[in-house]
Asker: 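Supplied in structure tokens, the structure appears directly below.
Counting starts at 1 for both ligands and their atoms, following the listed order.
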Amino acid sequence: MPETSRPDTPGMERLIRPELRAFAGYSAATSPETLEGRVSVPVERIIKLDANENPYGCSPRVNRALAGYASFHVYPDDGQERLRTLLAGYAGVGPAHIVAGSGSNRLIDLVLRLLINPGDEVIDCVPTFGIYDFSTRLCGGTVVEVHRDRDFAVDIAAVKAAITGRTKVICLASPNNPSGTAIPREDILALVDTGVPVLVDEAYYEFSGQTVATLVPKYQNLMVLRTFSKWAGLAGLRVGYGLFPTGIADYLLRIKIPYNVNVAALIAVEESLKDIDYLMDRVKAIVIERDRLFGELQKVEWLRPVPSVANFILCEVLNGRAGDLHRGLRDRGILVRYFDQPLLKGFIRVSVGRPEDTDALVRTLREIGG
Ligand SMILES: Cc1ncc(COP(=O)(O)O)c(C=O)c1O
């Protein structure tokens, strides 16, 4: 192709959809390898508490099975039959209700692509996980923000009041990221009773034990998302799933990209489910460590941790210098999450690590001081 006709010449920008010109994108957690030489410890000693990953990794069965697999050259089953059957056994809901994706964030995107016409509204209970906003905008929809209260509880009356004729979905993360707070089942059902589609994101269900998944077959408008990223330690392999009314599951299967879950992810799910006792012991250890971390953070006079039922803790930095604290920890090799947005300006979010990670974090917080 001659130099002048390359498709990435600036003229192309004129063709970008106007509503996407100011699109800022999603600000993801830092990859440690990008910090090589920029922090005071070697990359392999960085303590990563910024993306709610599982500090114990995946089941060793997954590593062994992937090392021995001989058919990576063959496409996976596009209909996800085996995968959906396995997930049905785990979730307690029939396979006809289930669709898997490469990460539950791809399912958020898929649901919104299915339902949102330009100008349609999605109710987002902020502060919350950024992908509901991200994908709504990508679909040309309008995000209607309903603020959580001071304790990060969803204001159900305010959500109901925000419903209009254009409301297509209400997004509810439970437990919520970044606050770690769950939404009571009766509150979720009060919103389901409005008849508006409700998307309940249970990415952290295994840490909270609270779910509405088994109610999915009873309702026409309840959808539940889950992931293997957190409890099963498979974030890098990208596998999540959703539970939907069967008619919606059918449509989602039709509009998904072919072969959207790769064979490595399928093997990993299968092996994780065979090793469920091992993985659930790890989940229990993380929950115990979460409660210890909460106590330790409470002892730091200038921090106010928010009680969490997930595998992370949101923490208010009372001197208002959350950004500086985030940088100070990063420079010393500890990554936590800081959200550069008005509702979370004074907060950091800390994932629960191993006990030695908690100890290193608390020591470093004391070193940095208020
Ligand atoms: C509430 C919530 N939903 C979904 C996801 C996405 O998880 P996955 O890795 O399955 O895409 C996350 C990840 O942090 C999350 O916090």
Asker: Cluster partners of I46, using ILVMFWY side-chain heavy atoms under 4.5 angstrom, listed by chain and number?
Answerer: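 L35, V39, V41, L335, which link up through side-chain heavy atoms under 4.5 Å apart, make up the rest of the cluster.
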Asker: Who pairs with T214 by side-chain contact (heavy atoms from CB on, under 4.5 Å), at least two apart in sequence or on another chain?
Answerer: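 Counting only residues at least two positions away or on another chain, T214 forms no side-chain contact (heavy atoms from CB on, under 4.5 Å).
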Asker: With sequence neighbours left out, which residue pairs that include part of residues 355-364 fulfil the salt bridge (charged side-chain N to carboxylate O under 4.0 Å, His left out) condition?
Answerer: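 Checked against salt bridge (charged side-chain N to carboxylate O under 4.0 Å, His left out) - neighbours excluded - the pairs reaching residues 355-364 are R292-D359, R354-E356, R354-D357.
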Asker: Sub-3.5 Å donor-acceptor pair from the side chain of K256 to the main-chain atoms of D78, do we have one?
Answerer: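 Judged by distance alone, yes, a pair lies under 3.5 Å.
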Asker: Tell me which residues fall inside the under-4.0 Å heavy-atom shell around ligand 1.
Answerer: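 If the criterion is a heavy atom under 4.0 Å, then ligand 1 touches G103, S104, N105, F129, Y132, N177, D201, A203, Y204, T227, S229, K230, R238.
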Asker: Does I248 reach the side chain of P245, with side-chain heavy atoms less than 4.5 Å apart?
Answerer: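 Side chain of I248 against side chain of P245, heavy atoms only: contact under 4.5 Å found.
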Asker: Is any NZ, NE, NH1 or NH2 atom of the basic residue among D201 and R226 found under 4.0 Å from an Asp or Glu carboxylate oxygen of the other?
Answerer: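 R226 and D201: not salt-bridged.
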